[in-house]
Amino acid sequence: QVQLVESGGGLVQAGGSLRLSCAASGRSFSNTVMAWFRQAPGKEREFVASVSRNGGIRYYTDSVKGRFTISRDNAKNMVYLQMNSLKPEDTAVYYCVADAYYKGSDYREWAYWGQGTQVTVSS
């Protein structure tokens, strides 16, 4: 089992930056693939980024590529999402997600979810 707790969300102006953090607990965090999803009001839940067990492979959705960076610190059981050059369309609830293997962009395939943290970008 894996428990996930997100933090770092908030209100930021367009063009600004935020760093989201996710604290994980449970067995063998280093063997867990981590991801971030987000959901804006009235929209489908969307894959944002994922990072492999050793941090060496990272995937991003096209809309955030070049602006967001996912990373992890296995010694601290933490995963991060650094968000730069934020746009109003980035406004959403952001979820930390985990699974034993990479499960792709469909949120329904991923096993473990945090409670979410709100990110609001003003124009």
Side-chain angles (χ1 to χ4, degrees):
Q1 295 293 327
V2 179
Q3 290 185 312
L4 306 169
V5 180
E6 303 97 330
S7 62
L11 176 64
V12 65
Q13 295 181 16
S17 298
L18 283 174
R19 188 178 76 159
L20 305 184
S21 298
C22 175
S25 60
R27 290 175 62 87
S28 301
F29 174 77
S30 63
N31 288 330
T32 304
V33 177
M34 303 297 299
W36 291 91
F37 284 72
R38 66 186 181 185
Q39 188 166 25
K43 296 184 179 179
E44 291 286 309
R45 195 167 299 181
E46 176 190 25
F47 174 85
V48 178
S50 66
V51 61
S52 60
R53 294 168 181 83
N54 66 354
I57 302 173
R58 296 179 291 187
Y59 297 138
Y60 299 93
T61 191
D62 286 345
S63 63
V64 309
K65 189 174 179 62
R67 300 188 297 122
F68 291 11
T69 302
I70 188 171
S71 61
R72 67 191 297 162
D73 185 339
N74 288 347
K76 297 181 178 179
N77 288 2
M78 297 288 292
V79 62
Y80 307 97
L81 186 68
Q82 178 66 47
M83 305 184 293
N84 298 327
S85 301
L86 282 161
K87 305 174 184 295
E89 52 262 44
D90 295 318
T91 295
V93 176
Y94 283 71
Y95 296 92
C96 181
V97 183
D99 213 323
Y101 302 94
Y102 175 73
K103 297 294 182 66
S105 61
D106 187 345
Y107 74 92
R108 295 168 294 182
E109 300 294 331
W110 292 78
Y112 303 105
W113 290 75
Q115 82 288 350
T117 186
Q118 177 71 48
V119 172
T120 302
V121 184
S122 62
S123 60

Val64 and Tyr59: same hydrophobic cluster, using ILVMFWY side-chain contacts below 4.5 Å?
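Unlinked, Val64 and Tyr59 end up in two clusters.
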Establish, yes or no, whether the cationic atom of Arg45 lies under 6.0 Å from the six-membered ring centre of Tyr95 and within 45° of the ring axis.
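Cation-pi check for Arg45 and Tyr95: passes.
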Heavy-atom side-chain contact between Glu109 and Asp99 under 4.5 Å:
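No, too far: nothing below the 4.5 Å cut-off.
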Val2 with Ile70, same ILVMFWY side-chain cluster at under 4.5 Å
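The answer is yes; both residues are in one hydrophobic cluster.
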Does the side-chain hydrogen bond (donor to acceptor under 3.5 Å, both in side chains) test come out yes or no for Gln115 and Glu6, once each step is laid out?
CA-CA 7 Å; Gln115 82 288 350; Glu6 303 97 330; 3.2 Å; yes
Is it the case that more than 12 heavy atoms not belonging to Ile57 sit under 6.0 Å from its CD1 atom?
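No, CD1 of Ile57 has 12 or fewer neighbouring heavy atoms, counting only those of other groups under 6.0 Å.
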Once you round to the nearest 0.5 Å, how far does OG of Ser25 lie from CG of Leu4?
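Going from the OG atom of Ser25 to the CG atom of Leu4 covers 7.5 Å.
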Take Tyr107 and Glu46 through the side chain to side chain contact (heavy atoms under 4.5 Å, CB included) test and state the conclusion after the steps.
CA-CA 7 Å; Tyr107 74 92; Glu46 176 190 25; over 6 Å; no
Find the distance between CG (Asn77) and OG (Ser28) and round it off to the nearest 0.5 Å.
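If I round to the nearest 0.5 Å, the distance is 10.0 Å.
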Do the non-hydrogen side-chain atoms of Ser50 and Met34 ever get within less than 4.5 Å of each other?
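The answer is no; the side chains never approach within 4.5 Å.
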Non-hydrogen side-chain atoms of Thr69 and Arg58 separated by less than 4.5 Å:
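They are in side-chain contact.
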Residues forming a salt bridge (Lys or Arg N to Asp or Glu O under 4.0 Å) with Asp62, sequence neighbours excluded
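Asp62 satisfies salt bridge (Lys or Arg N to Asp or Glu O under 4.0 Å) with no other residue.
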To the nearest 0.5 Å, tell me how far Leu81 CG sits from Ser21 OG.
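Rounded to the nearest 0.5 Å, the CG-OG separation comes out at 9.5 Å.
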State whether the side chain of Thr91 and the backbone N or O of Val121 hold a donor-acceptor pair below 3.5 Å, judged by distance alone.
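The answer is yes, because a donor-acceptor pair under 3.5 Å joins these two groups.
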Check whether more than 12 heavy atoms from other residues, nucleotides or ligands sit under 6.0 Å from atom CD of Glu89, and answer yes or no.
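Enclosed.
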Side-chain touch Arg53/Thr32, heavy atoms, less than 4.5 angstrom:
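In short, these two side chains do not touch, never coming nearer than 4.5 Å.
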Side chains of Trp36 and Phe68: does their closest heavy-atom pair fall under 4.5 Å?
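A side-chain contact is absent here, since even the closest heavy-atom pair is not under 4.5 Å.
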Quick one: does Tyr80's side chain get under 4.5 Å of Met78's, heavy atoms only?
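When only atoms from C-beta onward are counted, Met78 and Tyr80 do touch, with a gap below 4.5 Å.
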Verdict with reasoning, Arg38 to Tyr94, per side-chain hydrogen bond (donor to acceptor under 3.5 Å, both in side chains)
CA-CA 4 Å; Arg38 66 186 181 185; Tyr94 283 71; 2.9 Å; yes
Answer with yes or no whether the hydrophobic clustering places Phe37 together with Leu18; edges join I, L, V, M, F, W, Y residues whose side-chain heavy atoms lie under 4.5 Å apart.
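In one cluster with Phe37: Leu18, no.
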Is there a path of hydrophobic side-chain contacts, each under 4.5 Å between heavy atoms of I, L, V, M, F, W or Y residues, that connects Leu20 with Val48?
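Yes, it is one cluster - the side chains of Leu20 and Val48 are joined through contacts under 4.5 Å.
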Are more than 12 heavy atoms, taken from residues, nucleotides or ligands other than Tyr60, located less than 6.0 Å from that residue's OH atom?
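More than 12 within 6.0 Å, yes.
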What do the steps show when you test Val79 against Cys96 for side chain to side chain contact (heavy atoms under 4.5 Å, CB included), and what is the final call?
CA-CA 8 Å; Val79 62; Cys96 181; 3.6 Å; yes
Quick check: do Asp106 and Phe47 have side-chain heavy atoms less than 4.5 Å from each other?
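Sidechains of Phe47 and Asp106: no contact.
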Please test Met83 against Ser17 for side chain to side chain contact (heavy atoms under 4.5 Å, CB included), starting from the C-alpha separation and ending with a verdict.
CA-CA 5 Å; Met83 305 184 293; Ser17 298; over 6 Å; no
Could you please spell out the steps behind the side chain to side chain contact (heavy atoms under 4.5 Å, CB included) verdict for Tyr112 and Val97?
CA-CA 6 Å; Tyr112 303 105; Val97 183; over 6 Å; no
Side chains of Val12 and Ser122: does their closest heavy-atom pair fall under 4.5 Å?
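No. Closest side-chain heavy atoms not under 4.5 Å.
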